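Structure, as structure tokens:
Please read all numbers here as calculations on a predicted model, not as lab measurements.
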Amino acid sequence: FAPGQNGSSAMPHKKNPILSENLTGLARLLRSYAQAGMEDVALWHERDISHSSVERVAMPDATILADFMVARATGLVQGLVVHAARMRANLERFGGLYFSEAVLLALVKTGLPRQRAYEIVQRSALAAINEAAAEGVAGAKPGRFRELLGNDPEVTSRLDKAALDACFDLDHHLRHAPAILERALGAHS
């Protein structure tokens, strides 16, 4: 978002994600060229040249569009402002709910049927959400979801403290991030 740029036409404080919205729309167009190409495959063995008319338009358009999208995405990422502390606060608003999948899978690994594990984890998750809503988001207690699970006999009968703590290990969830960044950005990461 550049200084002086207009955002929403009705709400001056709002920064519309116009570049990412544009990329999302263009991705639909780019994918549509794949469909035209797939329809051409059926004619490759024929002496029919109707596929070439599609290819004469689709190939240059698709490559030019892809190049434009890469340039636009590069500009979007280069201008991206990340408020890491705000992101962390948003993640922690409800006491670590984003770890619910890890808890669910850990319970399933103990032999608990998936649906029952889902119900148990959901019970604590909804309680954490409801408590935070009642207190106001700013009043949400860090770790409340973890605390509720740790007090649930159906959880603690299957997962000891160490196993439950392991489900809340953010480093485990981010362990592939450096490799992904290296693969995506190369030496620039």
Report task. Provide the full list of side-chain hydrogen bond (donor to acceptor under 3.5 Å, both in side chains) pairs with a residue in residues 95-110, sequence neighbours left out, each pair given once. Result -> Glu92-Tyr98, Thr110-Arg158
**Report entry** Value rounded to 0.5 Å, distance of OG in Ser20 from CZ in Arg72
**Finding:** 10.5 Å
Report task. Report the C-alpha distance between Phe168 and Leu149 in whole Å, list the side-chain angles of each, state the deciding distance to 0.1 Å, and finish with yes or no for side-chain contact (heavy atoms from CB on, under 4.5 Å). Result -> CA-CA 11 Å; Phe168 285 79; Leu149 289 166; 3.7 Å; yes
Report task. Taking the side chain as every heavy atom from C-beta outward, state whether Phe68 and Leu30 have any atom pair closer than 4.5 Å. Result -> no
Query raised in the report: Between the side chain of Arg183 and the main-chain N/O of Ile180, is any donor-acceptor distance below 3.5 Å?
Result: no
Query raised in the report: What is the distance from atom CG of Asn22 to atom CE of Met69, rounded to the nearest 0.5 Å?
Result: 8.0 Å
Requested in this report: Report the distance from atom CD of Gln115 to atom CD1 of Ile120, rounding to the nearest 0.5 Å.
Outcome: 10.5 Å
Query raised in the report: Mind checking whether Arg123 and Leu148 have side chains closer than 4.5 Å, heavy atoms only?
Result: no
Query raised in the report: Going by heavy atoms in the side chains, are Arg175 and Asp171 under 4.5 Å from each other?
Result: no
Query - Residues which pass side chain to side chain contact (heavy atoms under 4.5 Å, CB included) with Ala117, listed by chain and number, not counting sequence neighbours - result: Leu104, Leu107, Val108, Leu112
Requested in this report: Quick one: pull up CG in Leu97 and CD1 in Ile129 and give me the separation to the nearest 0.5 Å.
Outcome: 5.0 Å
Query - Partner residues of Asp169 under the salt bridge (charged side-chain N to carboxylate O under 4.0 Å, His left out) criterion, sequence neighbours left out - result: none
Query - Heavy atoms from other residues, nucleotides or ligands near CD of Glu21 exceed 12 (cutoff 6.0 Å) - result: yes
**Report entry** salt bridge (charged side-chain N to carboxylate O under 4.0 Å, His left out) against Arg116, all qualifying residues, sequence neighbours excluded
**Finding:** Glu119, Glu154
Query - Val103 vs Arg146, side-chain contact (heavy atoms from CB on, under 4.5 Å): CA-CA, chis, key distance, verdict - result: CA-CA 10 Å; Val103 178; Arg146 165 65 182 85; over 6 Å; no
Query raised in the report: Going from CG on Asp40 to OG on Ser50, what distance comes out if it is rounded to the nearest 0.5 angstrom?
Result: 6.5 Å
Query - same_hphob_cluster(Met87, Leu80) at 4.5 Å side-chain heavy-atom cutoff - result: yes
Query - Considering all heavy atoms, the nearest Ala106-Cys167 contact - result: CB-SG, 3.6 Å
**Report entry** Same apolar cluster: Leu126 and Phe99, side chain cutoff 4.5 Å
**Finding:** yes
Query - ILVMFWY cluster, Val77 and Leu19 together (side-chain gap under 4.5 Å) - result: no
Query raised in the report: Tell me, which pairs form a side-chain hydrogen bond (donor to acceptor under 3.5 Å, both in side chains) where one or both residues lie in residues 56-65, sequence neighbours left out?
Result: Tyr33-Asp61, Ser52-Arg56
Report summary line: Residues passing the side chain to side chain contact (heavy atoms under 4.5 Å, CB included) test with Arg28, sequence neighbours excluded, are Thr24, Arg31
Report summary line: For Glu55 and Pro60, the nearest pair of non-hydrogen atoms, with its separation, is O-CD, 3.5 Å
Query raised in the report: Are Val121 and Phe145 side-chain neighbours, meaning at least one heavy-atom pair lies under 4.5 Å?
Result: yes
